[in-house]
Each structure stands twice: as structure tokens, then as C-alpha cells.
Amino acid sequence: MNSELSEGIYVIPDQLRGVVYGNEIHIFPRKALNEYRCKDCVHREEGYATINAYRKSWICKQRPKEILNPMFSNQIIFYAAPYYGKPCGKFKLKGGEK
Ligand code: SF4
């Protein structure tokens, strides 16, 4: 950690951004994980979110629901992945490197 900065303006690369927290400046990639949403994730697909669902909706393939009733054990359903859903730790960028 460098504590020898003097007053002035410091230029950082375009792909980074700086955020001031108290007496610290944090440097991040310009688009950090918390700026992405479920809509940007490869695991968001069309599928079924409820038992006997009439139509498909946007679901997360990483979050299957457990079906407790054995009558419906042949169905595969998932938790919903809303367009602006907050990304989780399994986030994988569509066509990206994360
Ligand atoms: S919940 Fe996580 S894994 Fe599922 S679509 Fe959203 S970010 Fe991707």
C-alpha cells in the first residue's frame, strides 16, 4: 500500500475506475461483478419454475428446486432468474471470461 501520494490528479487506465472509501481509494475493473445482472449470465435460460407450469419463464439452471411430492418427481423445475436479479457466486458472463 502506497501512503506517499501527494496532492494532485492521478490518471488511471480507461478499463479501471476509482472509488473513494474514507481515506482509501479502491481501484476496480470498470464493470465489476456487482454491475452485472442475471440477464448477463449463461445460466439464465427459459425453463419451468413451478410444477405443471403452463408456460416457460426465465430460470437459473444452477438452482434446481427439490420436488418433495413423488407424484411430480418426473418434472424438473428451477428457481426464477429475473432480468435484473442480483448475480450470485456462480455467475458466468455470456461470451465472457468470468
Ligand atoms: S442466480 Fe447466479 S447462476 Fe443463476 S442466472 Fe443469476 S447469476 Fe447466473
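Just so you know, ligand 1 is whichever comes first in the structure, and atom 1 is the first atom listed for that ligand. In this chain, numbering begins with 1 at the start of the sequence shown. The structure displayed is predicted, hence computed values, not measured ones.
- Within a 6.0 Å sphere centred on OH of Y84, heavy atoms belonging to other residues, nucleotides or ligands number 12 at most.
- The neighbour count for I25 CD1, taken as heavy atoms of other residues, nucleotides or ligands under 6.0 Å away, does not exceed 12.
- Taking a cut-off of 2.8 Å, the protein N, O or S atoms nearer than that to atom 2 (Fe) of ligand 1 are C88 SG.
- For the atom pair W58 CH2 and E46 CD, the distance stands at 4.5 Å (nearest 0.5 Å).
- Expressed to the nearest 0.5 Å, how far NZ of K92 lies from NE2 of H43 amounts to 6.5 Å.
- Of all the heavy atoms in V42 and L93, the pair that sits closest is CG1-O, 3.8 Å.
- With F78 as the fixed residue, the side-chain contact (heavy atoms from CB on, under 4.5 Å) test singles out one of K61, K65, R63, Q62: K61.
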